[in-house]
2 protein chains.
Amino acid sequence: MQVPNQLSAFIQEGDKWFLPSVSLDCVILGFHDNQLKVLLLKLKHSGVWALPGGFVLKEEDTETAAARVLKERTGLQDIFLQQFHVFGAPNRSDGSIHRKGLLKSGIEPSPDNWLFQRFISIGYYALVDFAHVTPFPDENSTECVWKDIHEIGSLMMDHNEILNKALETVRLQLNHQPIGYNLLPQKFTMPELQTLYETILDKQLDRRNFHRKMTAFGILKRLKETRKGGAHRAPFLYSFDMRKYQKALKQGLNGGW
Amino acid sequence: MQVPNQLSAFIQEGDKWFLPSVSLDCVILGFHDNQLKVLLLKLKHSGVWALPGGFVLKEEDTETAAARVLKERTGLQDIFLQQFHVFGAPNRSDGSIHRKGLLKSGIEPSPDNWLFQRFISIGYYALVDFAHVTPFPDENSTECVWKDIHEIGSLMMDHNEILNKALETVRLQLNHQPIGYNLLPQKFTMPELQTLYETILDKQLDRRNFHRKMTAFGILKRLKETRKGGAHRAPFLYSFDMRKYQKALKQGLNGGW
DNA sequence: AATTGTTTGTGTTGTTCTGACACAATGATA
DNA sequence: TATCATTGTGTCAGAACAACACAAACAATT
């Protein structure tokens, strides 16, 4: 089954293609300039900023739908992508936004247009390598850009809430599983990894203790190269050892009881 | 808005009342006889066992819908209830089960009956005080009973998967937040709490270390009563200090970084 | 080529947390 | 009153953790 490309067919006849009532939104996070970035769309006409989202094809797995949206906006495949929450308030979706957009596009939607129904939204978050992303707006938006998470204004509908819940989830998960590497290039230095942690957790960490704890996990491979070019001592490059990581996951990284 | 009670109206005309495509399933856990129990329904006609579930009213919050299902099956309100995962495989719902049920009820459903559509399901889990529950079957089932989680056979559709994911989530969360008290009566002894932990985690714990770690959280109140009647030294009763718990939650119980 | 400034790599120490264990106190029963 | 199983509490060694100091490396400056 092909996903329709034409705006009018897609919007007007969504009920032909998509599962009713269900939408999804993706919080796509990247790391650049020592800052956490989130990928946002600027909607046509309204100019409102929104998270990339989409709908689920009638015969499509929800996870596949999320991966599809991620691919369409970033070009990336096989990426760390997890559902984190369902947003199901009855008044969360707002048909009037879509109505205005359609009207400004010269389309007069019927009052029972598919888009005006109530949607619940499944929230997904993705951790991506900033450098590998080619942001690409969809048919409904004029821009698709990275925004510093500290410089986010008011987003469409409940998207601020969705974003915050995603960040909260990432922070929690970072404490229990070393997911941070997903945001870095394949080779990275220990200071870079630490800065990433400090940024996500919004907390300063001790350089030496961080190094010790991190290496103790046994999931990093220190390479024989160093990152030259900085004006100071060249730090070693590390890469992530996926095999050891999978092993560690099974045992659980830190216990609890 | 009233929820319809009549089976025929409810099943036949679900599209009048409920959000399409969206269902929810509740994993309701209790603790009894030193065993974790889950509340299951035995479906009419097919005799298959299933998790209690339901649909979301058109103007209803998904959380409210889950609370409603919980109330209808157990009589309980204001209970620990959390969504934990969305099950969105395209082939997970199985209209044929409903079709057979309807046929045996003497109802000939039309092929485009609302029940035969694809449903995604939002999984919720609840932790309840076993003694306070009055299990009550719904219009579609003959029994509503507690089952030991070690004696669960094959459940309807993907309900085994849903149950397992719920248990996995509870185990993880138990390591980070003291949610166990939800499964116990208001007053409980330390050995009872420990047995609960051992049952959920399926692991023996040291009595003294457990006591130390548990009290260190500072969220238990030791009462001046003891539980007499056992053939041995009477253990103290404890109760849960909700105020201190909320405080502790904000700070995060165990850190990580 | 030597000096300087800043950053990285690693070691040490004292404190806290955790796991393994011992013994006294209690309550029903015989 | 003695017995037995269970509970309450203490101790100790090892691990984990936070706070800290110093040497090595790199590039820019002189």
Side-chain angles (χ1 to χ4, degrees), chain A residues 33-34 174-178 180 184-185 187-199 201-239 248 251-257, chain B residues 33-34 174-178 180 184-185 187-199 201-239 248 251-257:
Chain A
D33 276 346
N34 288 347
L174 196 63
N175 279 329
H176 307 304
Q177 294 178 352
L184 293 176
K187 296 177 182 180
F188 51 89
T189 68
M190 197 58 84
E192 285 165 359
L193 186 60
Q194 182 180 342
T195 308
L196 171 64
Y197 270 68
E198 291 179 335
T199 306
L201 301 175
D202 196 25
K203 195 200 297 192
Q204 293 296 108
L205 301 173
D206 182 275
R207 187 166 52 87
R208 294 147 283 191
N209 295 336
F210 180 84
H211 181 276
R212 178 159 31 91
K213 198 166 171 179
M214 209 63 199
T215 51
F217 286 143
I219 53 182
L220 294 183
K221 232 184 351 210
R222 192 171 93 173
L223 308 178
K224 285 183 185 116
E225 322 164 53
T226 55
R227 164 104 69 219
K228 308 237 176 187
H232 310 291
R233 176 168 183 176
F236 282 100
L237 286 169
Y238 289 81
S239 74
Q251 296 165 10
L253 273 173
N254 22 1
W257 289 93
Chain B
D33 278 346
N34 289 346
L174 196 64
N175 280 329
H176 307 305
Q177 295 179 353
L184 293 176
K187 296 176 181 180
F188 51 87
T189 67
M190 197 59 84
E192 285 166 359
L193 186 60
Q194 181 179 341
T195 307
L196 171 64
Y197 269 68
E198 290 179 335
T199 306
L201 300 175
D202 196 25
K203 194 202 295 192
Q204 293 296 107
L205 301 172
D206 182 275
R207 187 167 54 87
R208 296 147 283 191
N209 296 335
F210 180 83
H211 181 277
R212 179 162 24 108
K213 199 165 170 180
M214 209 64 200
T215 51
F217 286 144
I219 53 182
L220 295 183
K221 230 182 356 208
R222 193 171 92 172
L223 308 179
K224 283 180 187 118
E225 320 164 54
T226 55
R227 162 108 64 222
K228 308 235 176 187
H232 311 290
R233 176 170 183 174
F236 282 100
L237 285 169
Y238 288 81
S239 74
Q251 298 165 10
L253 273 172
N254 24 2
W257 289 92

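So that the names make sense, note that chain A is the first sequence line, chain B the second, and so on, each numbered from 1. Here the structure is a predicted model, which is why all the values come from computation and not from measurement. Side chains included, hydrogens not; waters and symmetry mates left out as well; all remaining heavy atoms used.
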Checklist entry - What is the distance, rounded to the nearest whole Å, between atom CD of B:E192 and atom C1' of D:dT7? => result 13 Å
Item to check | Pairwise 5' ranking along DNA chain C for A:P191 and A:A231, keeping only the more 5' one | outcome: A:A231
Checklist entry - Are any of A:K213's side-chain N or O atoms less than 4.0 Å away from OP1 or OP2 of D:dA16? => result no
Checklist outcome for this item: Winner on side-chain proximity to B:R208, out of C:dC21, D:dT11, D:dC26, is C:dC21
Checklist entry - In terms of ring plane angle, is the pair A:H176 and B:H176 parallel, tilted or perpendicular, where the classes change at 30° and 60°? => result parallel
Next on the checklist: Can you say whether a donor on the side chain of A:R233 sits under 3.5 Å from an acceptor on the base of C:dT8, or the other way round?
Outcome noted: yes
Item to check | B:M214 side chain near B:Y197 side chain, heavy-atom distance below 4.5 Å | outcome: yes
Checklist entry - Among D:dC26, D:dC20, C:dG9, which is the nearest nucleotide to the side chain of A:T226? => result D:dC26
Item to check | Between C:dT13 (P) and A:R212 (CZ): distance, integer Å | outcome: 14 Å
Checklist entry - Counting side-chain heavy atoms from C-beta on, which of C:dG9, D:dT9, D:dC20 comes nearest to A:N209? => result D:dC20
Item to check | Nearest-Å distance for atom pair NE2/P, residues A:H232 and D:dA24 | outcome: 19 Å
Next on the checklist: What is the distance, to the nearest angstrom, from the NZ atom on A:K228 to the C1' atom on C:dT7?
Outcome noted: 14 Å
Checklist entry - Expressed in angstrom and rounded to an integer, what is the separation of B:H211 atom NE2 from C:dG19 atom C1'? => result 17 Å
Checklist outcome for this item: Here the distance between atom P of D:dT7 and atom CG of B:L193, to the nearest Å, is 13 Å
Item to check | Distance below 4.0 Å between A:R222 side-chain N/O and C:dT10 OP1 or OP2 | outcome: yes
Checklist outcome for this item: Here the distance between atom C1' of D:dC20 and atom CG of A:D206, to the nearest Å, is 8 Å
Next on the checklist: Can you classify the ring geometry of A:Y238 versus A:F188 as parallel (below 30°), tilted (30 to 60°) or perpendicular (above 60°)?
Outcome noted: parallel
Checklist entry - Given the rule in the side chain to side chain contact (heavy atoms under 4.5 Å, CB included) test, do A:E198 and A:N34 qualify, once you have shown the distances and angles that lead to the verdict? => result CA-CA 9 Å; A:E198 291 179 335; A:N34 288 347; over 6 Å; no
Next on the checklist: Taking the nucleotide of DNA chain D with the nearest heavy atom to each, does A:G230 or A:R207 sit closer to the 5' end?
Outcome noted: A:R207
Checklist entry - Could you give the CD-to-C1' distance, from A:Q204 to D:dA18, as a whole number of Å? => result 15 Å
Item to check | Steps toward side chain to side chain contact (heavy atoms under 4.5 Å, CB included) verdict (B:T226, B:L237) | outcome: CA-CA 5 Å; B:T226 55; B:L237 285 169; over 6 Å; no
Next on the checklist: From the set D:dG8, D:dC22, D:dA23, return the single nucleotide nearest to any side-chain atom of B:F236.
Outcome noted: D:dG8
